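As structure tokens, the structure follows; a few thoughts come after it.
These numbers come from a predicted model, not from an experiment. Protein chains get the first letters and strands the later ones, always in sequence-line order, with residue 1 at the start of each.
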Amino acid sequence: YAEGLQGKVIGFSQIGSESGWRAAETSVTKAEAEARGIDLKFADAQQKQENQIKAIRGFIAQGVDAILVAPVVATGWEEVLTEAKEAGIPVVLLDRGIEAPEDLYLTSVASDQVKEGRVAGEWLVANVGDKQCNVVELQGTVGSSPAINRKQGFEEALAGKANLTLTRSQTGDFTRSKGKEVMEGFIKAEDGGKNICAVYAHNDDMAVGAIQAIKDAGLKPGSDILVVSIDAVPDIFAAMVAGEANATVELTPNMAGPAFDALQAYWDAGTEPQKFIITESKLYTPADDPQGEYDRRKGLGY
Amino acid sequence: MNRSLRPLLATTLIFLFAYMLAVSQQPAMLSTRVLGNFLTDNAFLGIAAVGMTFVILSGGIDLSVGAVIGFTTVLVAVLIMWLQLHPLVAFAIALIVATAFGAVMGAAIHYLKVPSFIVTLAGMFLARGGASVLSPDSIGINHPFFSAVQKSYILLPGGGRLTVVGMIMLAVFAVAILLAHRTRFGSNVYALGGSETSAALMGVPVARTTISIYALSSFLAGLAGVVFSLYTSAGYSLNALGVELDAIAAVVIGGTLLTGGYGFVAGTFIGVMLQGLVQTYIVFDGTLSSWWTKIVVGVLLFMFILLQRLVFRAAPRRT
Amino acid sequence: MTAQQPVLEARGIDKVFGQHRALDTVDFAAHAGEVHALLGENGAGKSTLIKILTGAYQPDGGELLLEGQPIHLRDPLHGQTYGIGTVYQEVNLLPNRSVSENLFLGRQPTRFGMVDRKRIDAAAKDLLSRYGLNIDVRAELSEYSVAVQQIVAIARAVELSGKVLVLDEPTASLDRNEVQRLFDVVRGLKAKGLAIIFITHFLDQVFDLADRVTILRNGRKVATQALNTLNTTDVVRMMLGKDVAFDHHPTALTGGPKGAVRVQFQGLSRKGLSPFDLSVHEGEVVGVAGLLGSGRTEVARLMFGVDTSDGGQITVDGHPVTIRNPAQAVAAGFGFCPEDRKLDGIFGDLSVRENIIIALQAKLGWFKALNRDDQVELAGRYAEALDIRAANHDMPVKLLSGGNQQKVILARWLAIDPTFLILDEPTRGIDVGAHAEIVRTINRLREEGLALFVISSELDEVVAYSNRIVVMRDREMVAELDGDSIAPDAIVQAIAGTPPHETREARP
Amino acid sequence: MTRPTVDLRPTQPPLPRPRPLAHFFTRPQVIALAAVLLVNWLLFPGFFTVTWQDGRFFGSLIDVLNRGAPVAILAIGMTMVIATKGVDLSVGAVMAISGATAATLVTNGIPAPVAVLAALGTGLLCGFWNGILVTVLEIQPIIATLVLMVAGRGLAQLITEGYIVTFSDPLLIFIGTGSFLGLPMPVIIAAVLMILATLIVRRTALGLLIEAVGVNRSAARFAGLSANALLLIVYTFAGFCAAISGLIVAGDIRGADANNAGLWLELDAILAVVIGGTSLMGGRFSIPMAVLGAMIIQAMNTGILISGFSPEFNLVVKSAVIIVILVLQSPLSSRLFRRLPGAQK
Ligand SMILES: Nc1ncnc2c1ncn2[C@@H]1O[C@H](COP(=O)(O)OP(=O)(O)OP(=O)(O)O)[C@@H](O)[C@H]1O
Ligand SMILES: Nc1ncnc2c1ncn2[C@@H]1O[C@H](COP(=O)(O)OP(=O)(O)OP(=O)(O)O)[C@@H](O)[C@H]1O
Ligand SMILES: [Mg+2]
Ligand SMILES: [Mg+2]
């Protein structure tokens, strides 16, 4: 890398460490920063927006060169970002966009969560063909934006397909154990699982839990019940290797890399980066060398 | 000096000492900007903690405040954005709803003889659930009134800002100090915390006071919600998750005994500021991982309480 | 006097707790300008009747009349608005608030809606000085001893009583001077035309102060009579339903202790309490006398390891022992009936049986549990020995009457078969019959070779059972009387020292 | 420092005990459980169907027992803490620590039995720490355990470094998902622990002494009880129970999820204890009733899962059920019940 970011002080306000994916994002960000010689100030908000705002204010008071934020929620950033703007500190959003005037941040590096859900849904639509298929859904935390958007995208993909019906939908709080518990309940409620043809989980962790519940019920995940989920964490590839998971949509934990690149270009050459840098929502199936993917990701800090 | 003021003094000294220590590590923390941020960023917590102080003084606990804050932000957002009400009208409605909610909890605690821990736990589920039923998604609030409020602040020398929400918190503390220490209601609250049986026999209207205490706590949680919505211009059902624990910690760090009957509203202010200090210090330091953040917050909480115990020890009383 | 309409009247009052009929069609009337004593054994229903008269309980039958008008009292607050001021048997004040706040709670003078602290403090100081109490009224109530708290409770009730003043055993923890001062105040109120209802177990006080007496037995009214028609024996007979050989002024013991030194305390001290030496022999009762706040309780706490001493040593039967907490004291064979029954003695929610066996169980350890039969037997034995009146031994002890609770604690310590027993005001709130019983018990224990250390504010009583009397003043042991020198007058002189002072400062 | 208040309201002294079994079935908790199960059955007619499959029982009812086991185990420890007038907010975090310890050790090649012992050991240690704070430093229980609640999860994450540590060790997995006599291991463990704990506290004097400390700590001291030693034991035991729960939860998902394991379960455990009739003011306690309380909560959760309501309503339903149970248990309604014809005089 060029000199550009060497010695720059950049604050990073992370949501928390609620999942393996989040931990991976943190460690990738730290690694990227280290590789570029950035002095990264890290602040964990423990899932609270107010803590993120405090952190950003703290960064401003400290006079950092730039701020990265992974916003916990889409709303409520205008005031504090205005403050950052007045202090002349560029802000880059990670993971998701926010509802605020676009001039308040330099750029946003994010995935399209609705698209993630849609990709997952489209895979399912393509795979079941015309067969009658009852789908159950494991939602993320009620009210969280990935849960809302991934549900929406998935439903868009299923819209108009009469043979695919979403029969049950409950929250598994993005965790393995709740995913397992909810799936257990679904299986009991749907005639021992015979009425379920596929499960769609808003993240891989819940899918891993669901897979165990399916196995415990004496069914075969991956064939008796199809499993499709989002995130592409290592453990879901392990499940694919075992033939127990069918598809996952990647959400890359490397949001910081493009963000740093954009900052560097902005500082070095004054180029305004494009406002929305959308990361790829790549679909992985057992055909995509799951063992290799597993090995590649294992070290990333998931 | 009145001996009972000692814990208050001790807490204040601990705060000053901790602040000096932080400044010696991070000189940038000594600025009006940081001080202004203390007030603004902790305004909702401070307001909620005032309500919690009254509840704890009376020997109870209120686990619902975080949820009530969250619910209020959603309600305010819904009223303004969906029903097109003026923010002030929305605030009034939200505060009335919150107050009524607290009054019902207080009535349940008194008449059903269920411990406050459990009643307010149910209240917490209800308020959180109610918020997500209203709208699981976050609702941004766009209203000229909000922008106007956000843009009005007093500029302090050195670039700090004393914002409207910060001033609301200071005003709440001022009023609450008078309420706790200078009114009959305040005396009754302390009386309940000392001994409910005695208080009843001494003619304290127990039912009315209990209901008022929880109504006040929820009212202040509602006000904290209003402040939160001003602070973020949004309503969101998951706002202020776990704030009740922060508020309890602030109250206790401020020298109020959880068993009720002893403590100061002013101490709570210091407790809130101490928590703000810890967080700001961690942000300024910027090297702590997610887990170390938790550990350090826990350890500092422990140290503050330990220091206080030592001060308390210095003033023994007969058991 | 009785021809007038009563100020407060109760007609046919019933009160039932579960299956226990605490009051059975009781009539009671208090007239203006009289002191009406309410007497009865422990558990006779006196406190229950009081609570109904003041609104703390609702009667199950009968009616209340205030100046001829039927009233329904919802709660004590409601009672207060009718001018009924009450001192309940258990001190019911707020330990966490200042003395002045305790005096004025609920009727604080306000200025612009704000409580006027200065005025309250001044008024409180003024008020208490009438009872000879010059204390810092801004200090927390809990910093003062039970006696001070009792005076505060009385002062508060007197202020609240526009028409009726109810005093449920107000003198239980007061010494002679306090009692006289209280009586002066009461006589003043009587002259002002208040009706005063007075409960006590001290019959001499009844004859000293009261005009009429109502006697309850087992929840029924036995009689209401003018006192000048009665003598002590009549009253006792009506209370107990039988004649008892009631030795009202027992004479002092003669002869020294029977055995060798059992426990010896040398140079025990604590901040503010002068170091003291004391040894108690087998078969000896050392009585302790002193004024309120003279440090008697403190000495007892120190002996039992409740407070740790700053220095000194303790030997039991010649062997040195360490006592830094009560558990060690119990292990060394000590027992201690504390002065504050409600706070330090009673496990309110536990049963009578469990309250009796708990110390023995603690001594036996966690794993040698007393089986149920043994528990029932032990509880039964001591309940009988001390005449504890309870519907059954599985009921929570908090439902017992005050005097019976006191006996339960005594039973608890007798059950561990101690070698050295400390009793702090053991007869507080105990009725005449049981009082004689406890004095007899103390004497019997002494005969059996126990060493006892007994604190009491009743001089007649200390004289009755002590081989030796230690007098305390200003947290120091100032005199020791034994043999023939033991007599109430001698004690009074020792307590007063020379010259006797008018008012005492009770330190916070 | 506050005086124990003596309840002045006239209470009913205990009546001569009715026959135990009849007594059991008229308890509000049992009625509540029956009601919740009934509602579940109405929502889902197959609810009570239990089949034999792969050498074990299978069905929703079994799920309720199995899923309720972790909270039930927490509630066993929590009951005793609450009986001493305390509360332990750290049990959820301790679960995370214990799971993280076991998982990290086995993935580093330490034999599973050692890892399990180490996990239980950390639980004991955490509980002991709480006990020291409460006794020696005299910090109020809520705050003392709040420290570990906050810091403990951080410690767990420190051990796992934020990963979900997945393992395939058969012993750990057996603890979470195995079965014995046809019943899931968690159920067996919870039942054994419940019976053992009940026997220990009721056959020795511990139960009575714990109650005495809870009712009046000052009086307990005067009666020569070593209140501090008892409190230490009680908090340590609560930590131990949390560690067992942590192992079960980790074994169940074959991984230690330091971020989410046991999250907010302390509240469920406290709720279970209170529903089981043990007062937060300390004193009388019942371990089996607390376990029953945990089962009520789980039956309710399972009911919500299979009800098909949209998840936004979960919390509202949960709070409504709690409110109904509280009203049922309140003295107000028991007074009403007593008035009903047929009830005892
Ligand atoms: N709340 C209650 N519940 C059940 N029984 C009660 C309750 N209060 C009092 N009792 C019972 O009623 C009877 C009368 O009690 P009360 O307190 O009136 O006696 P007392 O005459 O004041 O005795 P003492 O001289 O010991 O104070 C006692 O047997 C007592 O156990
Ligand atoms: N730990 C302590 N620290 C400070 N002052 C104390 C302490 N313990 C007792 N005192 C004070 O010392 C004095 C002696 O109290 P103590 O209770 O021993 O007196 P007493 O002779 O038993 O009188 P009483 O009739 O009030 O029981 C009281 O004024 C009390 O307030
Ligand atoms: Mg009485
Ligand atoms: Mg004394």
Side-chain angles (χ1 to χ4, degrees), chain A residues 16-27 44 46-47 137-143 147 167-192 204-206 208-209 211-213 215-218 233-235 238-239 298 300-302, chain D residues 43-47 49 51 53-54 56 58-64 66-67 70 99 150 153-154 157 160-166 168 173 176-177 179 184 248-250 252-264 298 301-315:
Chain A
S17 59
E18 73 282 4
S19 67
W21 184 88
R22 186 66 62 192
E25 185 188 40
T26 303
S27 62
D44 178 301
Q46 325 217 352
Q47 274 75 248
E137 181 183 33
L138 300 174
Q139 294 187 27
T141 305
V142 174
T167 49
R168 281 179 185 271
S169 179
Q170 247 298 342
T171 174
D173 278 338
F174 283 131
T175 68
R176 264 187 214 196
S177 55
K178 279 285 278 179
K180 184 173 182 185
E181 181 180 347
V182 173
M183 193 62 197
E184 232 171 49
F186 285 174
I187 291 173
K188 301 287 161 13
E190 296 290 343
D191 194 15
D204 288 340
D205 282 335
M206 291 191 289
V208 170
I211 289 171
Q212 289 172 12
K215 286 202 284 190
D216 285 352
V233 306
D235 281 341
K298 195 58 195 160
L300 283 183
Y302 279 101
Chain D
L43 284 169
F44 168 50
F47 185 79
T49 319
T51 54
Q53 185 179 324
D54 302 334
R56 60 202 171 93
F58 192 81
S60 290
L61 213 52
I62 304 294
D63 283 354
V64 170
N66 190 22
R67 292 287 151 219
V150 176
R153 199 160 288 284
Q157 289 173 337
T160 63
E161 296 177 319
Y163 303 71
I164 298 180
V165 181
T166 317
S168 53
I173 294 177
T177 61
S179 60
I248 289 176
V249 167
D252 180 41
I253 59 165
R254 299 160 188 237
D257 183 352
N259 310 307
N260 299 301
L263 198 62
W264 302 119
Q298 187 55 44
N301 286 341
T302 304
I304 290 172
L305 283 189
I306 56 177
S307 67
F309 282 142
S310 131
E312 287 84 48
F313 289 93
N314 287 4
L315 284 174

Point to revise | Max heavy-atom pair count under 4.5 Å with chain A, selected residue of D/Arg56, D/Arg254, D/Glu312, D/Gln157 | key: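 Of the candidates given, the most pairs with chain A belong to D/Arg254.
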Review point. Most heavy-atom pairs under 4.5 angstrom with chain A, which of D/Leu263, D/Leu43, D/Ile253?
Key: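 Option with the greatest count: D/Ile253.
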So, do [X] and [Y] sit near enough that their side-chain heavy atoms are less than 4.5 Å apart?
X	Y	value
A/Arg176	D/Ile164	yes
D/Arg67	D/Asn301	no
A/Gln47	A/Arg22	no
D/Asn260	A/Ser177	no

Review point. Should A/Lys178 and A/Thr171 be marked as a side-chain contact (heavy atoms from CB on, under 4.5 Å) after you check the CA-CA gap, both sets of side-chain angles, and the distance that decides it?
Key: CA-CA 8 Å; A/Lys178 279 285 278 179; A/Thr171 174; 5.6 Å; no
Review point. Which word best sums up how the rings of D/Phe44 and D/Phe47 line up, parallel for under 30°, tilted for 30 to 60°, or perpendicular for over 60°?
Key: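 Perpendicular.
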Which bit of [X] comes within less than 4.5 Å of chain D, counting heavy atoms only: side chain, backbone, both or neither?
X	result
A/Val182	both
A/Ser17	both
A/Gln212	side chain
A/Gln139	side chain
A/Ala217	both
A/Thr167	neither

Check your understanding: Can you check side-chain contact (heavy atoms from CB on, under 4.5 Å) on A/Trp21 and A/Asp205, steps first, answer last?
Key -> CA-CA 9 Å; A/Trp21 184 88; A/Asp205 282 335; over 6 Å; no
**Study point:** Per-residue contact mode, D/Thr177 against chain A (heavy atom under 4.5 angstrom)
**Key:**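 Only the side chain of D/Thr177 comes within 4.5 Å of chain A.
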Review point. Given a strict heavy-atom distance threshold of 4.5 Å, which part of D/Ile304 is in contact with chain A: side chain, backbone, both, or neither?
Key: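 For D/Ile304, heavy atoms of backbone and side chain both lie under 4.5 Å from chain A.
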